[in-house]
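Have a look at the structure below before the remarks.
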Amino acid sequence: MASKNKNDNKKSNKLYLIIIVALLLIAGIILIFMYQGQKAKEKEVTYDQLYQDIIDKKVEKIEMTIGGSSVKIKYKDSDDEKTTNINSLQPFMEFVNAQLEENPDFEVDLKTPNKLMTIFENVFNFLPTILLVILIFMIFKMQGIGEKSKVYGENEENNTGVKFKDVAGLDEEKNELIEIVDFLKNPKKFQSMGAKIPKGILLYGKPGTGKTLIAKAIAGEANVPFISMSGSEFIEMFAGLGASRVRKLFEKAKKIAPCIVFIDEIDAIGSRRTSNSGAESENNQTLNQLLVEMDGFESNETIIVLAATNRPEMLDKALLRPGRFDRQVTIPAPDLLGREDILKLYTKDKKLANDVDLKEIAGDTAGFTGAELSNLLNEAAILATRNKHKVIEKSDIEAAVKKITVGLEKHNRVISEKDKKLTAYHEAGHAVVSKFLETQDNVKEVSIIPRGLAGGYTMYKTNEDKYYISKTELEEKMIALLGGRAAEKIALNDISTGASNDIEVATGIARDMITVYGMSNSLGPISLKVDEPYELQIFGENITDEVGVQVKQLVDDAYIKAQKLLLDHIDILHVVAQTLLEKETISEEEFNSFFTE
Ligand code: ADP
Ligand code: ZN
């Protein structure tokens, strides 16, 4: 993503230039207005004044143009010409004719309009407006900076320099994509066999799992250029530009083929077409253009379009039809071995203490993406430097893990005794309840030191990556989550807002159990997860009501079980909470020791 910054820089340089030009233009416009106003004021005579002056015989000559709106006046006592604006010439002419009879010594010059002169005058009068239009035009242009030679927001790398060996883990995914490399290198071989190579491949996966990296690696391995653009950049800014950007991106690709076109965040343009209003219709136009482009190039043009998204369910189905993005590869968050591989890759150039065990760190970082792991090691290096360690020590890495998972310690936040007590019981509640739940992870650390947004935290040891989660496990997870609230209620006979996140997560689990995993007794294995609210209507009100009843039942049960567990072990709850109040943090060993006595 470093290249993106470079592009941003270029963009902002140009932006400065445009802003300066715009300011100069505005200054110019203001000056012209002021100059014209000044000039007009100096030389202007009011209509009434002119009448009076003619009657008073001060005027030597007046000059009018048929169809014009101003009159030039030459006074007897002055060399300067003055002007008066007149709305309607007819009554004035009548008045002047009457005056002429009485006073023949003043002259009237009635001119037929000189076309060229009128045009010139008009141009001059409209100059400020013209400048304004130019200014607005430039601002519009600015939105499409570089569109002439380059598509806005687009990045191009002739050689990404990334190879498959730079992508750790993801072995199966690399295997699946390696044939794309072969094809880009040697398209004739495939064509002569009559093989159809996919034009578009969708990469599904959370942000930071390495989708961009793997796309670059394909380009790097095949030694072809890599053009990329983010879906959100297509649709931002002014209406109508999205579609033209898509067109230009593909024009470019055709010129430099064979190449890889990478569209990040494709859900931003490719989300389901809905109504025809405003931003959505802009989105639709862009999506339609993308479909046209995908259909428009032949598969022998050796352009491979890779697109990334973490919300596959949002995509318009039209994108997935044959000949478009008909191939999908899921890029998962790394498993235990994958994480170890990634850690190995990113510690190659770092000095590590002997006690650092990458396998162990991999075990402590379940759910971390490649980007998060690389960030973790970077944090650890920063902490090591700050702590004046010669090499990165185990403690630096552990501190970095905590910083990333639960946020930074907030040492100087002032906490009242009452809040501390509440937090102590809340966290003790989570920890104690978990200890009695078979399926739940072991407690690694409990603390009432605020971190990030949380007043305290309970950290668990997650040592196994799980692919399936059982119903019991989900139920127990809810009990552990509600253990915090239950402890507040039992020990302090009051409840707080501190449990809001726990409750949100627990409710989400219950809802998914019923609507996604089909785990309710009364509704059975039925998927009630719908994309649009109206789709629920097919189930009828009885079923949607039942969903609510079942979700509530699950959460209520978990809350009751959490309270029962804590009442059964109230002594331990008090001990853990007291210890937390004294020491603020309890380690795994100390926590476990409370249960053996
Ligand atoms: P995505 O496109 O999926 O959001 P990126 O490819 O931009 O993620 O990943 C961000 C960064 O994270 C990469 O530049 C790389 O440093 C690191 N990274 C992510 N996954 C991996 C991986 N499997 N192997 C090595 N580095 C990775
Ligand atoms: Zn909690």
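Counting convention: from 1, in listed order, for ligands and their atoms alike. In this chain, numbering begins with 1 at the start of the sequence shown.
Residue contact check for ligand 1: Gly208 places a non-hydrogen atom closer than 4.0 Å to it.
Here the angle centred on the Zn ion (ligand 2), running from NE2 of His430 over to OD2 of Asp502, is 90°, rounded to 10°.
Using a 4.0 Å cut-off between heavy atoms, Asp166 contacts ligand 1 through its backbone alone, with no side-chain atom that close. Contacts between Ile331 and ligand 1 below 4.0 angstrom, taking non-hydrogen atoms only, are absent altogether.
Close contacts of ligand 1 with Val167, meaning ligand atoms under 4.0 Å from a residue heavy atom, involve 23 (N), 24 (N). Applying the 4.0 Å criterion to heavy atoms of Ala168 picks out, from ligand 1, the atoms 22 (C), 23 (N), 24 (N), 25 (C). Each of the atoms 23 (N) of ligand 1 lies under 4.0 Å from some heavy atom of Leu170.
Ring pair His574/Tyr425 is perpendicular by interplanar angle, where above 60° counts as perpendicular and below 30° as parallel. By the 30° and 60° cut-offs, the orientation of the rings of Phe436 relative to Phe595 is perpendicular.
Defined by atom type and a distance below 3.5 Å, a donor-acceptor pair is present between the side-chain atoms of Ser434 and Tyr460. Under 3.5 Å, the side chains of Lys435 and Asn592 contain a donor-acceptor pair of N or O atoms.
Between Arg247 and Glu293, no side-chain nitrogen of the basic residue sits less than 4.0 Å from a carboxylate oxygen of the acidic one, so the salt-bridge criterion is not met.
The shortest N/O to N/O separation between Leu213 and ligand 1 falls below 3.5 Å. Geometrically, ligand 1 and Leu345 share no nitrogen or oxygen pair separated by less than 3.5 Å. Polar contact check, Pro207 against ligand 1: no nitrogen or oxygen pair lies under 3.5 Å apart. For Gly210, a nitrogen or oxygen atom sits less than 3.5 Å from a nitrogen or oxygen atom of ligand 1, counting backbone and side chain alike. Geometrically, ligand 1 and Thr212 share a nitrogen or oxygen pair separated by less than 3.5 Å. Checking only distances, Ser374 never comes within under 3.5 Å of ligand 1, N or O to N or O.
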Checklist entry - Which is it for Glu590 and Lys583 under the salt bridge (charged side-chain N to carboxylate O under 4.0 Å, His left out) test, yes or no, and what are the steps along the way? => result CA-CA 11 Å; Glu590 190 170 8; Lys583 299 187 176 171; 2.5 Å; yes
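Partner Leu213 forms a side chain to side chain contact (heavy atoms under 4.5 Å, CB included) with one of Val167, Ile331, Leu170 and no other, that one being Val167.
Between the side chain of Glu476 and the main chain of Glu473, no donor-acceptor pair closer than 3.5 Å is present.
Distance check: Arg485 CZ to Ser500 OG gives 9.0 Å after rounding to the nearest 0.5 Å.
Looking at Ala371, Gly205, Pro334, it is Ala371 that brings a heavy atom closest to atom 12 (O) of ligand 1.
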